[in-house]
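The next block holds one structure in the form of structure tokens; read it before the comments.
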Amino acid sequence: MAFWKPGTVAPGSLVDREAEKDSEAAIVTFSDAKYSTMTMSEQRKQLPVYKHRTEILYLLENYQVVVLVGQTGSGKTTQIPQYLHESGWTAGGRVVACTQPRRVAATTVAQRVAEEMHVNLGMEVGYTIRFEDCTDPGGKTRIKYMTDGMLFREALMDPLLSQYSVIMLDEAHERTLYTDILMGVLKKILKKRPDLRIIVSSATLDAEAFAAFFSTNRDPKDKSKDNTAILSVQGRMYPVDVHYLAEPTSNYIETAIQTVFDIHTKEPAGDILVFMTGRDEIEEVVSEIRERATTLPPNKYAEILALPIYAGLPTEEQMLVFEPVEKGARKVVVATNVAEASVTIPGIGFVIDSGFVKIRAYNPQTGMESLTTTTISQASADQRSGRAGRIRNGKAYRLYTRESFEQEMRPASVPEIQRSNLAGMVLQLKALGIENVLRFDFMTSPPAEMMSKALELLYSLKALDNYGRLTIPFGMRLAEFPLDPMLGKILLDSQAFGCSQEMLTIAAMVSVQNIFVNATSPAAEEQHRRFGVLEGDHITLLNVYAAFITRGKKSSKWCANHLINFKAMSRALSIRSHLERYLVKTLGLTGPSQLPSCLGADGSRVNDPNEATVKIRKCLVSGYFAQAAKIAPDGTHWISALEARPKGARALSYSPTKLWMHPTSILFKQTPQWVIFHEVVETGKGKAYMREVSAIEPEWLGELAPHFYVLNKQL
DNA sequence: TGAATCCAT
């Protein structure tokens with residue numbers, strides 16, 4: 001059976017593919033080098049998805065949207081794009097895209113597929129992630145792995161995504177912000193491009209919902225009008241025995257530790273993975289296990305090795321969890337949610353699940369994000385348990401009752417789009433020509449209040465006009481910038497302030513996390529202070545960066561000496577150079593040398609330093625004016641400047657806000673009267689901490705944002 | 001006066 005691909009003149013034929021197989025098999029006998037060729041192709045056929053190859057291709061002929069329910073280990077991500085390529089979907093210069101929620105996934109999967117196809121990565125098979133385009137500039141790339149956010153951005157350049165014949169939205173059940181928006185955008189594109197095909201790869205739970213979202217069939221009785229189909233593919237997973245607590249625990253940390261020792265003393269070999277919510281808990285569990293392990297009779301039980309893993313941990317320490325332990329010893333990895341989907345630790349036979357996770361949620365009333373410990377969803381619980389069944393039969397110990405799982409946990413987590421700051425996304429939708437964003441077809445709509453808040457901010461940044469239309473050229477330029485709108489505005493305005501070089505550095509530095517290694521230690525604080533200035537964190541970061549490229553010669557040794565995270569600095573360097581390229585292009589300049597600086601090229605202050613820091617901080621105010629605060633009378637905290645706005649000019653939904661200086665800020669022990677800040681994080685204890693803070697003069701708010709702080713005498 | 005789930009552009 002041959003398949004016809006809409007819009008193609010050269011359908012692939014099974015004859016060709018049979019010939020390929022023959023030649024491969026024939027060559028095998030000649031050399032060991034080619035032997036690996038056969039094993040790779042044999043390996044491909046062993047994957048569960050291979051059995052569904054014909055069916056997948058058939059469905060794609062007949063349905064615009066195929067929802068693929070595929071469990072872990074089915075091989076869908078690496079194989080389906082290859083099947084499409086082999087059967088002609090990439091003929092005529094067209095491309096098959098496969099989106100991933102994470103950068104690492106996009107790069108590693110592309111690497112693997114390039115190996116399977118015996119091509120160089122970046123040619124027939126490539127990937128695109130932010131700031132890294134590993135595809136063929138000559139247009140030879142046929143299979144493209146990319147982050148979901150990148151595909152969304154590509155729609156800005158080409159609203160019909162015309163080069164793609166098939167787009168596979170992988171891991172759609174994770175419901176990331178960009179996957180969700182892409183679904184709405186693709187639904188619109190499908191109306192104009194009947195030749196386009198979409199594969200939505202999802203977990204069992206929401207397959208019907210995805211299909212219903214894309215369905216254009218208004219007549220459920222007439223199946224011939226269906227444009228969507230659902231297909232299930234088995235995974236390669238071993239069964240996992242799930243155990244619940246008989247009674248709820250009041251202390252899951254202690255219960256987790258006890259369960260570790262129960263497993264260790266009663267169960268056969270196999271490493272243990274423990275899910276906790278954050279660094280503090282992880283360190284506590286790890287040190288308790290280490291301590292109690294010393295009391296076990298050494299000749300009776302194997303050695304037990306407890307290791308932490310979380311995103312903020314330095315890379316070298318993270319790597320330890322992937323190393324095999326000595327024979328006979330048992331590894332206990334205590335992890336945050338990184339181990340649920342982002343990181344796979346080999347050799348896990350047992351999972352202990354606290355049932356909790358920290359999630360970030362945006363509060364439109366205060367414009368702040370909070371970080372709170374929440375009960376996980378049933379889908380998360382199953383995903384966590386599944387981590388025990390990757391090598392052989394496993395066991396999962398859930399530190400909650402079956403009743404709690406069935407009655408208290410929601411089936412799936414709240415989609416990201418319902419708990420995010422939507423300003424950047426709304427701006428990009430406007431740039432895509434979607435004027436009425438409130439009526440955009442979302443798979444799950446965000447709360448109306450979050451949309452209003454986003455529109456209000458964009459209006460105050462002058463990216464939207466009185467009618468809610470994108471302003472030209474400013475709003476359009478801002479939308480094209482791959483940054484948060486407030487940060488984007490300071491870069492676009494930096495030319496007028498004469499400090500573009502400095503703002504590029506600052507924007508890059510606030511975009512990476514954990515510049516200081518182990519920032520809470522006294523030694524790290526001391527190093528931090530060496531770069532510190534009273535103007536605040538932004539200029540301190542500028543000093544760190546300048547020292548890194550001049551005195552530090554971009555070396556890892558210098559970083560180690562100053563307790564600075566080398567990986568973070570390298571990333572900042574790369575982000576900066578990309579932002580620089582964008583800024584040069586957006587401003588219509590010929591090269592980076594045309595971008596003004598208020599300091600010397602090497603970061604030393606050749607001009608009046610005071611004048612320079614004023615320029616930089618004023619420029620920050622031009623983008624961050626909505627995030628300003630004034631010190632409280634008792635000097636212990638700050639009050640959001642929104643409080644100082646006249647009633648009529650206050651945010652639609654406004655509540656007065658106390659803000660605290662984050663202990664990692666260089667201004668922690670200082671009392672600047674007025675500040676602006678990059679972000680606020682509200683912790684579980686209900687305290688809102690400002691991060692990346694700079695001292696400002698209140699007059700600047702009136703001068704640079706008169707439309708925002710209307711006639712305010714209090715400033 | 002004291003603190004960091006995790007991604008993405």
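As a basis for the values below, the full set of heavy atoms in this structure was taken, side chains included, without hydrogen atoms, waters or symmetry mates. Below, chain A is the first sequence line, B the second, and so on; all start at residue 1.
- For the pair Glu281(A) (side chain) and Thr277(A) (backbone), a donor-acceptor distance under 3.5 Å is present.
- Put simply, the residue from Phe356(A), Tyr397(A), Tyr400(A) that forms a ring-ring contact (aromatic ring centres under 6.0 Å, His included) with Tyr252(A) is Phe356(A).
- Within the 4.0 Å cut-off from OP1 or OP2 of dA8(B), not a single side-chain nitrogen or oxygen of Tyr178(A) is found.
- Picking from dG2(B), dT9(B), dA4(B) the nucleotide with the shortest atom distance to the side chain of Lys358(A) gives dA4(B).
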Q. Going through the checks in order, is the side chain to side chain donor-acceptor pair (under 3.5 Å) test met by Thr372(A) and Arg360(A)?
A. CA-CA 7 Å; Thr372(A) 42; Arg360(A) 197 211 271 280; over 6 Å; no

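- When the P atom of dT9(B) is taken as reference, atom CG of Leu427(A) falls 17 Å away, rounded to whole Å.
- Screening Val426(A), Leu422(A), Leu427(A) for a side-chain contact (heavy atoms from CB on, under 4.5 Å) with Leu455(A), the sole residue that qualifies is Val426(A).
- When heavy atoms are screened at a 4.0 angstrom cut-off, Thr336(A) is found touching the sugar-phosphate backbone but no base atom.
- With centres under 5.5 Å and a plane angle under 30°, the ring of Phe668(A) is stacked against the base of dT1(B).
- Counting any heavy atom pair closer than 4.0 Å across all strands shown, Met425(A) reaches no nucleic acid atom.
- Checking dA8(B), dG2(B), dT5(B) against every side-chain atom of Arg279(A), the shortest atom distance belongs to dT5(B).
- Summarising the geometry, the separation between CZ on Phe516(A) and P on dA4(B) is reported as 19 Å, rounded to the nearest angstrom.
- Among dC7(B), dC6(B), dT1(B), the nucleotide with an atom closest to any side-chain atom of Glu416(A) is dC7(B).
- Picking from dA4(B), dT9(B), dC6(B) the nucleotide with the shortest atom distance to the side chain of Arg360(A) gives dC6(B).
- For Lys669(A), no side-chain nitrogen or oxygen approaches OP1 or OP2 of dG2(B) to under 4.0 Å.
- At dC7(B), none of the side-chain N or O atoms of Thr147(A) fall inside 4.0 Å of OP1 or OP2 (strictly under the cut-off).
- Distance CG (Leu422(A)) to P (dA8(B)): 19 Å, rounded to an integer number of Å.
- Salt bridge annotation for Arg398(A)-Asp382(A): present, with a cationic side-chain nitrogen under 4.0 angstrom from a carboxylate oxygen.
- Using a 4.0 Å heavy-atom criterion, one finds that Glu525(A) contacts the bases of the nucleic acid, with or without backbone contacts as well.
- Nearer the 5' end of DNA chain B, as judged by each residue's closest nucleotide, is the contact made by Thr636(A), out of Ile359(A) and Thr636(A).
- Heavy atoms of Val357(A) sit nowhere under 4.0 angstrom from any nucleic acid atom.
- Regarding Asn421(A), its CG atom lies at a distance of 13 Å from the C1' atom of dA8(B), rounded to whole Å.
- Between Pro482(A) and Tyr310(A), the one whose closest nucleotide on DNA chain B sits nearer the 5' end is Tyr310(A).
- Using a 4.0 Å heavy-atom cutoff across all strands shown, Tyr689(A) reaches sugar-phosphate atoms only and no base atom.
- Among the atoms of the strands shown, none is found under 4.0 Å from any heavy atom of Leu177(A).
- Taking atom CZ on Arg102(A) and atom C1' on dT5(B), their separation rounds to 13 Å, with Å as the unit.
- If you take CD of Glu283(A) and P of dT5(B), they are 11 Å apart, rounded to a whole angstrom.
- Distance Leu156(A) CG to dA8(B) P: 19 Å, rounded to the nearest Å.
- For dT9(B), the base has no donor-acceptor partner in the side chain of Arg153(A) [N/O atoms by modelled type, under 3.5 angstrom].
- Among the atoms of the strands shown, none is found under 4.0 Å from any heavy atom of Arg691(A).
- Between His678(A) and Tyr624(A), the distance from one ring center to the other falls under 6.0 angstrom.
- Distance Asn565(A) CG to dA4(B) P: 19 Å, rounded to the nearest Å.
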